[in-house]
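Read the structure below first, then the notes.
Owing to the predicted nature of the structure, the values given are computational and were not obtained by experimental measurement. In what follows, every chain begins at residue 1, and chains take the letters A, B, ... in the order their sequences are listed.
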Amino acid sequence: MKLATWNVNSLTARLQHVLDWLAANPVDVLCLQELKMSDDKFPLEALKDAGYDSAVFGQKTYNGVAILSRAPVRDVLKNIGGFADDHSRVISGTVDTPAGALRIVNGYFVNGQAPDSEKFVYKMKWLDGLHDWLRQELAAHPNLVLLGDFNVAPEDRDSYDPVGLAGTIHHTPQERAHFNALLQLGLADSFRLFEQPPKSYSWWDYRMLGYQKNRGLRIDHVLVSQPLVPRVKSCVIDRVPRKWEKPSDHAPVIMELAP
DNA sequence: ATGCCGAGCTATGCTCGA
């Protein structure tokens, strides 16, 4: 089965791209971030017509996440357990597969703006909350996928300019320590289970011809729990929709799980 | 140092993203 994550930067603006992409890439699960719409605006019917049920945690203007799935999604949970948050950033759910129940945690991680900002303080607290909650979630759900827009470039090779951008947002040691703490829980970065092309990124700035110059960051990730690692067949970034007219600034990341 | 782009809002310039 295939699972994908895509920050669409407004589902209102990008619905047709999502439908076109799903028609060409009929994944089993697609996790979306930055819906930028309230639940009542979510295009449930259009996605149902495309073959997907949706679990939605929307928010007007900012944030908002959804799990689209060909199979029903059960036991849906919104936000991080035990962490009060005004933002709609995390939605979790379980899908039943031939190989057993699969827990999916879809996150739109805090951006953090700059290391000396209040938003960065919020990012650190949010990541602490996520980590503590995930430890329990992993105990309860051995087959777990954590995917989404992490807003962290985990290593220097995940940035187009690791030297010039050292210490700036997405590149700070604090953010990378939080990413590594997630790995320490027993999660693996599925993208790095395989040899990958150098300069592989999932986000490119709209400005200054970022995509055309491949000035990007790899900040969208698919992490899998240890029992799933032997079942991961591939993880690829699909840059095709980044070339479409009026694209999201993020590209989808697709992970394939056996059987 | 800032805007460079793009989206949303009750807007006609601002905030935010990354």
Side-chain angles (χ1 to χ4, degrees), chain A residues 5-19 21 31-43 56-66 85-90 106-127 130 147-176 178-179 191 199-221 237 239 241-253:
Chain A
T5 175
W6 194 6
N7 179 325
V8 290
N9 184 19
S10 165
L11 186 56
T12 307
R14 228 68 63 195
L15 176 59
Q16 195 56 52
H17 280 201
V18 171
L19 294 172
W21 189 81
C31 291
L32 300 177
Q33 304 90 36
E34 282 211 87
L35 307 178
K36 296 187 172 180
M37 58 170 49
S38 50
D39 287 5
D40 58 304
K41 299 281 199 293
F42 188 87
V56 183
F57 186 27
Q59 187 173 344
K60 186 180 161 80
T61 310
Y62 301 118
N63 312 309
V65 285
D85 198 348
D86 293 334
H87 295 180
S88 302
R89 293 186 175 277
V90 180
N106 171 24
Y108 173 48
F109 289 37
V110 177
N111 175 311
Q113 196 172 53
D116 59 352
S117 68
E118 278 302 311
K119 288 175 181 171
F120 191 82
V121 175
Y122 166 49
K123 184 173 195 170
M124 295 298 108
K125 287 180 180 165
W126 192 94
L127 288 165
L130 178 75
L147 72 175
D149 175 1
F150 284 53
N151 273 318
V152 178
E155 301 176 57
D156 279 357
R157 59 180 166 165
D158 300 313
S159 172
Y160 72 94
D161 185 11
V163 175
L165 294 172
T168 66
I169 198 67
H170 303 116
H171 300 71
T172 66
Q174 299 99 307
E175 290 165 284
R176 289 177 169 178
H178 274 290
F179 187 88
F191 191 75
K199 303 184 191 304
S200 286
Y201 309 125
S202 65
W203 169 88
W204 301 261
D205 203 308
Y206 286 123
R207 300 166 290 185
M208 301 185 300
L209 300 173
Y211 182 72
Q212 289 83 345
K213 295 178 176 174
N214 197 29
R215 293 161 64 95
L217 305 174
R218 192 177 73 92
I219 53 177
D220 300 272
H221 307 297
I237 299 168
R239 293 193 299 183
R242 188 61 177 79
K243 301 168 192 164
W244 292 348
E245 197 177 338
K246 289 188 112 13
S248 167
D249 41 357
H250 295 253
V253 183

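- In this structure, the ring of A:Trp6 has its center less than 6.0 angstrom from the ring center of A:Trp21.
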Polar atom pairs between nucleotides 11-13 of chain B and protein, under 3.5 Å, N or O only, would you list them?
none

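- Proximity of A:Lys60 to the phosphate of B:dC9: a side-chain N or O atom is located under 4.0 Å from OP1 or OP2.
- Atom name C1', nucleotides B:dA7 and B:dA18: the rounded distance is 14 Å, in whole Å.
- One finds the OH atom of A:Tyr122 at 4.5 Å from the NE2 atom of A:His87 (value rounded to the nearest 0.5 Å).
- Summarising the local packing, CD of A:Gln212 is surrounded by more than 12 heavy atoms from other residues, nucleotides or ligands at distances under 6.0 Å.
- Residue-level contact check: A:Thr12 touches the backbone only, with heavy atoms under 4.0 Å from sugar-phosphate atoms and none from bases.
- In this structure, A:Ser202 contributes its side chain and A:Asp220 its backbone to a donor-acceptor pair below 3.5 Å.
- Counted within 6.0 Å of CG on A:Asp40, heavy atoms from surrounding residues, nucleotides or ligands total more than 12; the atom is thus considered enclosed.
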(message) As a quick check of understanding, evaluate side-chain hydrogen bond (donor to acceptor under 3.5 Å, both in side chains) for A:Asn9 and A:Tyr206, giving each step before the final call.
(response) CA-CA 12 Å; A:Asn9 184 19; A:Tyr206 286 123; 3.0 Å; yes
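- Spacing of P atoms, B:dA11 relative to B:dA1, comes out at 34 Å, to the nearest Å.
- Taking atom P in both B:dT2 and B:dT12, one finds a spacing of 24 Å when rounded to whole Å.
- Listed for the A:Lys123 side chain is a donor-acceptor partner under 3.5 Å among the backbone atoms of A:Asn151.
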Under 3.5 Å, N/O pairs linking protein and nucleotides 16-18 of chain B:
unit_1	atom_1	unit_2	atom_2	d
B:dG17	OP2	A:Lys119	NZ	3.4
B:dA18	OP1	A:Asn7	ND2	3.4
B:dA18	OP1	A:Glu34	OE2	2.8
B:dA18	OP1	A:Tyr108	OH	3.4
B:dA18	OP1	A:Asp149	OD2	3.4
B:dA18	OP2	A:Tyr108	OH	2.9
B:dA18	OP2	A:Asn111	ND2	3.2
B:dA18	OP2	A:Asn151	ND2	3.0
B:dA18	O5'	A:Asn111	ND2	3.3
B:dA18	N9	A:Asn111	ND2	3.3
B:dA18	N7	A:Asn111	OD1	3.2
B:dA18	N7	A:Asn111	ND2	2.8

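- B:dT10 and B:dC5 are spaced 23 Å apart, taking the C1' atom of each and rounding to whole Å.
- Within the 4.0 angstrom heavy-atom criterion, only backbone atoms of the sugar-phosphate kind lie near A:Arg14; the bases stay farther away.
- In this structure, A:Gln59 places its CD atom 14 Å from C1' of B:dC9, rounding to the nearest Å.
- For A:Met37 and B:dG8, the CE to C1' distance is 12 Å, given to the nearest whole Å.
- Following rounding to the nearest Å, A:Glu245 (CD) and B:dC5 (P) show an atom-to-atom distance of 16 Å.
- Checking A:Trp126, A:Tyr108, A:Phe109 one by one against A:Phe150, the ring pair (Phe, Tyr, Trp, His ring centres under 6.0 Å) holds for a single residue, A:Phe109.
- Ring orientation note: the planes of A:Trp203 and A:His170 are tilted relative to one another, at an angle of 30° to 60°.
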